[in-house]
Amino acid sequence: SQQGEEDPQALSIQEGENATMNCSYKTSINNLQWYRQNSGRGLVHLILIRSNEREKHSGRLRVTLDTSKKSSSLLITASRAADTASYFCATGGGSNYKLTFGKGTLLTVNP
Amino acid sequence: DGGITQSPKYLFRKEGQNVTLSCEQNLNHDAMYWYRQDPGQGLRLIYYSQIVNDFQKGDIAEGYSVSREKKESFPLTVTSAQKNPTAFYLCASSIITTGPNQPQHFGDGTRLSIL
């Protein structure tokens with residue numbers, strides 16, 4: 001399985017601080033994606049990084065990918081209470097359509 | 001607005017009963033997916049479909065069935081053979097390209113419980 005595993009499982013920070021979540025996976029991939037899930041809702045796509053990219057930015061989000069270590073990190077800068085959610089990494093490999101999701105990191109941002 | 005609509009939001013199943021979860025999308029996406037999410041867990045793929053009248057089993061297809069008669073619709077039936085159906089079910093869709101995986105768009109889920 002290519003399943004990603006996020007670390008830590010839970011993270012609690014104060015508003016304004018940065019939050020870093022990590023994802024490790026086991027086999028080669030062609031891209032890695034990060035999603036957010038608010039409680040009781042569906043997942044929302046945040047950012048996609050291809051295997052030949054090392055870093056990508058989108059607003060307050062920064063994603064890095066190290067294929068030699070089979071790991072990725074998601075950094076949320078200047079966090080807000082509205083960032084409170086679960087964050088999942090998903091890896092894509094041989095099939096163009098299937099993604100394999102990790103178990104997620106629950107981020108709590110305290111006002 | 002384009003999106004994915006799942007219904008109902010909550011569903012209760014009696015022992016021995018089949019229940020069907022609806023998923024409709026107006027994004028003109030070719031691919032559709034069904035996932036199961038258990039508390040504190042990631043998503044596990046049940047079935048997926050890349051084209052009308054064709055679908056493939058995912059990692060946990062036993063006890064479930066699907067159909068894809070229209071591009072916009074991908075209903076999931078939870079059969080009585082699924083002994084532990086209590087979970088949050090998510091439907092998703094994506095475009096298909098020759099390049100790497102495309103982002104998936106999700107509905108807001110159906111929470112299924114056993115009576």
Side-chain angles (χ1 to χ4, degrees), chain A residues 1-10 21 23-26 28-53 56 58 61 63 65 67 85-107, chain B residues 3-7 9-10 21 23 25 27 29-51 54-61 68 74 87-112:
Chain A
S1 169
Q2 302 178 121
Q3 185 174 30
E5 295 208 2
E6 292 88 345
D7 170 60
Q9 290 186 337
M21 288 158 271
C23 171
S24 60
Y25 56 92
K26 296 179 180 176
S28 63
I29 61 171
N30 56 39
N31 74 97
L32 186 144
Q33 302 178 30
W34 285 91
Y35 289 79
R36 184 187 76 231
Q37 183 181 32
N38 289 85
S39 181
R41 303 294 298 274
L43 278 70
V44 174
H45 179 261
L46 295 175
I47 198 164
L48 181 153
I49 187 166
R50 302 187 193 285
S51 59
N52 60 355
E53 296 176 311
K56 205 161 182 180
S58 177
L61 306 180
V63 169
L65 179 64
T67 53
S86 292
Y87 292 82
F88 294 89
C89 68
T91 52
S95 162
N96 273 342
Y97 321 116
K98 290 175 60 178
L99 292 175
T100 303
F101 287 82
K103 294 183 179 181
T105 292
L106 176 59
L107 173 65
Chain B
I4 298 182
T5 302
Q6 290 188 241
S7 63
K9 191 167 179 66
Y10 300 96
L21 285 60
C23 178
Q25 55 102 356
L27 298 167
H29 287 171
D30 288 302
M32 296 187 75
Y33 315 81
W34 273 106
Y35 294 93
R36 170 180 172 141
Q37 185 177 31
D38 293 283
Q41 300 294 312
L43 278 64
R44 292 184 290 168
L45 183 64
I46 305 173
Y47 270 98
Y48 64 104
S49 168
Q50 301 161 18
I51 194 171
D54 189 42
F55 46 82
Q56 288 78 41
K57 293 182 179 179
D59 301 317
I60 55 165
R68 186 89 188 273
F74 192 39
F88 190 49
Y89 291 87
L90 288 160
C91 179
S93 70
S94 72
I95 64 173
I96 293 178
T97 69
T98 56
N101 305 75
Q102 295 300 313
Q104 293 185 9
H105 298 253
F106 284 80
D108 270 340
T110 292
R111 191 167 299 279
L112 176 62

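Labels below follow one simple rule: chain letters A, B, ... track the order of the sequence lines, proteins then strands, and each chain is numbered from 1. Bear in mind the structure is a predicted one, so any value in this text is a computation, not a measurement.
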Out of curiosity, B:Y35 OH to A:L43 CG, how far, rounded to the nearest 0.5 Å? 9.0 Å
If every non-hydrogen atom of A:L48 is compared with every non-hydrogen atom of B:P103, which pair is closest and at what distance? CD1-CD, 4.2 Å
d(A:H45 NE2, B:F106 CZ) to nearest 0.5 Å is 10.0 Å
Closest non-hydrogen contact found for B:Q41 with A:F88 is O-CE2, 3.9 Å
Please check if atom CD1 in B:I51 has more than 12 non-hydrogen atoms from other residues, nucleotides or ligands closer than 6.0 Å. no
Please look at A:Q9 and chain B and tell me whether the side chain, the backbone, both or neither of the residue comes under 4.5 angstrom of a heavy atom of that chain. neither
Max heavy-atom pair count under 4.5 Å with chain A, selected residue of B:R111, B:H105, B:Q104: B:Q104
B:L43 CG to A:L99 CG distance, which is reported to the nearest 0.5 Å: 10.0 Å
Tell me the closest heavy-atom pair linking B:F88 and A:Q37, and the distance in Å. CE2-NE2, 3.8 Å
With a 4.5 Å limit on heavy-atom distance, are the side chains of B:Q56 and A:K98 in contact? no
Which one, B:Q6, B:K9, B:Q37, leads in non-hydrogen pairs under 4.5 Å with chain A? B:Q37
